[in-house]
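Atoms within a ligand are numbered from 1 in the order they appear, just like the ligands themselves. Only heavy atoms go into these numbers, but all of them, side chains included; no hydrogens, no water, no symmetry mates.
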Amino acid sequence: MNLILLGPPGAGKGTQAKFIVEKYGIPQISTGDILRHAVKERSELGLKAQAYMESGALVPDDLVVSIIRDRLTWGDAAKGFILDGFPRTVAQADALAVMLSGASMAIDHVVSITVSVDELVERVVGRLTCRGCGRGYHLKFDPPKTASVCDVCSADLYQREDDREETMRSRLDAYAAQTAPLIEYYAAKGLLRPIHGVGSIQEIQSAISSVLAG
Ligand code: AMP
């Protein structure tokens, strides 16, 4: 099964992708994770992407398209994949369509998670990540037992540079201007599966499961 997870920053794409990975045994391909890793490693890709990411803007299409072009050739993607955070522009979606048809592959479902802007800002601005093991927390919805310390490995917790409120607003603007048009794009192809992204993680998981089973 080949899936795209579409939705604004903070909609829960990463969380839901992890559940789909476990349930269906297909890899999650997150351009955000790949880019953050590249920035940490200070690779050529990372150096090119860093300033865009820190300001909340999108990284240029050619950079992310080549990440995906390479990643889809890995053996694990042959049985299916979840694209998380890609495509984010119509140009990326067009490039993906060309890539997939060249490999005789196709997208089965575009799961589009919808959440209001105020809810998104509250969710993202409270997000914390462990520097050691990478576990995610939330100040309000899933706080650590001791402030700023990971329950699992005791390393300290940090806020992603691009999760600060001002950057978050820029990321939402980028989403509205550049990514939201993909909702129409995939609806026109009959691939869009809208999911209301407010509720417990389990409720959203079961809504996604029903869509994928149908
Ligand atoms: P994410 O973790 O998916 O929210 O991505 C974090 C940041 O990485 C975004 O705000 C963009 O700067 C960059 N990024 C991730 N995926 C893409 C993409 N498909 N196109 C352009 N920029 C991206």
Q: Can you check whether G85's main-chain N or O pairs, donor with acceptor, with K13's side chain at less than 3.5 Å?
A: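 Between the backbone of G85 and the side chain of K13 there is no qualifying donor-acceptor contact (under 3.5 Å).
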
Q: What protein heavy atom sits nearest atom 4 (O) of ligand 1, and how far off is it?
A: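 Answer, as residue, atom name and distance: R171 NH2, 2.9 Å.
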
Q: Under a 3.5 Å threshold, yes or no: a donor from one side chain and an acceptor from the other, between D163 and Y158?
A: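 No - no donor-acceptor pair under 3.5 Å links their side chains.
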
Q: Considering only heavy atoms, does L35 approach ligand 1 within less than 4.0 Å through its side chain, its backbone, both, or neither?
A: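 Only the side chain of L35 comes within reach of ligand 1.
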
Q: Look at K18 together with E22 and state whether they make a salt bridge at an N to O cut-off of under 4.0 Å.
A: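 E22 and K18: not salt-bridged.
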
Q: I want to know if ligand 1 touches D33 in the polar sense, i.e. an N/O pair below 3.5 angstrom.
A: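 No, since none of the N or O atoms of D33 sits under 3.5 Å from an N or O of ligand 1.
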
Q: List the steps and the verdict of side-chain hydrogen bond (donor to acceptor under 3.5 Å, both in side chains) for H109 and R193.
A: CA-CA 7 Å; H109 306 282; R193 319 282 180 251; 2.8 Å; yes

Q: If you measure from each heavy atom of A57 to ligand 1, is any distance below 4.0 Å?
A: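 Contact present.
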
Q: Cation-pi check, K189 to Y185: give yes when NZ or CZ is under 6.0 Å from the six-membered ring centre and within 45° of the ring axis, no otherwise.
A: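 Yes, K189 sits over the ring of Y185.
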
Q: Closest heavy-atom contact between L96 and I4?
A: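 For L96 versus I4, the nearest heavy atoms are CD2-CD1, 3.9 Å.
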
Q: Per the salt bridge (charged side-chain N to carboxylate O under 4.0 Å, His left out) rule, which among R123, R135, R127 passes with D142?
A: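 Of the listed options, the one satisfying the test is R135.
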
Q: Would M168 count as a contact of ligand 1 if the rule is a heavy atom under 4.0 Å away?
A: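 No heavy atom of M168 comes that close to ligand 1.
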
Q: Look at ligand 1 and say whether K13 reaches it with a heavy atom at a distance under 4.0 Å.
A: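 No, K13 has no heavy atoms under 4.0 Å from ligand 1.
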
Q: Among all protein heavy atoms, pick the one closest to atom 7 (C) of ligand 1 and tell me residue, atom and distance.
A: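 Among all protein heavy atoms, the one nearest atom 7 (C) of ligand 1 is M53 CE, 3.9 Å.
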
Q: Using a 4.0 Å heavy-atom cut-off, which part of V59 comes near ligand 1: side chain, backbone, both, or neither?
A: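 For V59, backbone and side-chain atoms both sit under 4.0 Å from ligand 1.
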
Q: Does ligand 1 have a heavy atom under 4.0 Å from the side chain of Q178, from its backbone, from both, or from neither?
A: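 Looking at Q178 and ligand 1, no heavy atom falls under 4.0 Å.
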
Q: Would you compute the distance between atom CG of D61 and atom CZ of F86 and round it to the nearest 0.5 angstrom?
A: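 Going from the CG atom of D61 to the CZ atom of F86 covers 8.0 Å.
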
Q: Any nitrogen or oxygen of G85, side chain or backbone, less than 3.5 Å from one on ligand 1?
A: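 By distance alone, the answer is yes.
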
Q: Is there a polar contact between ligand 1 and T31, counting only N or O atoms under 3.5 Å apart?
A: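 Looking only at distances, the answer is yes, because the N/O contact criterion of under 3.5 Å is met.
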
Q: Using a 3.5 Å cut-off on N or O atoms only, is Q92 in polar contact with ligand 1?
A: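 Yes, Q92 has an N/O under 3.5 Å of an N/O on ligand 1.
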
Q: Which one of E54, R88, Q50 has a non-hydrogen atom at the shortest distance from atom 1 (P) of ligand 1?
A: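 Result: the heavy atom closest to atom 1 (P) of ligand 1 is in R88.
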
Q: About how many Å separate CD1 of I82 and CE of M1, when rounded to the nearest 0.5 Å?
A: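 Rounded to the nearest 0.5 Å, the CE-CD1 separation comes out at 8.0 Å.
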
Q: At what distance is the nearest protein heavy atom to atom 6 (C) of ligand 1, and which residue and atom is it?
A: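 Ranked first by proximity to atom 6 (C) of ligand 1 is R36 NH1, 3.5 Å.
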
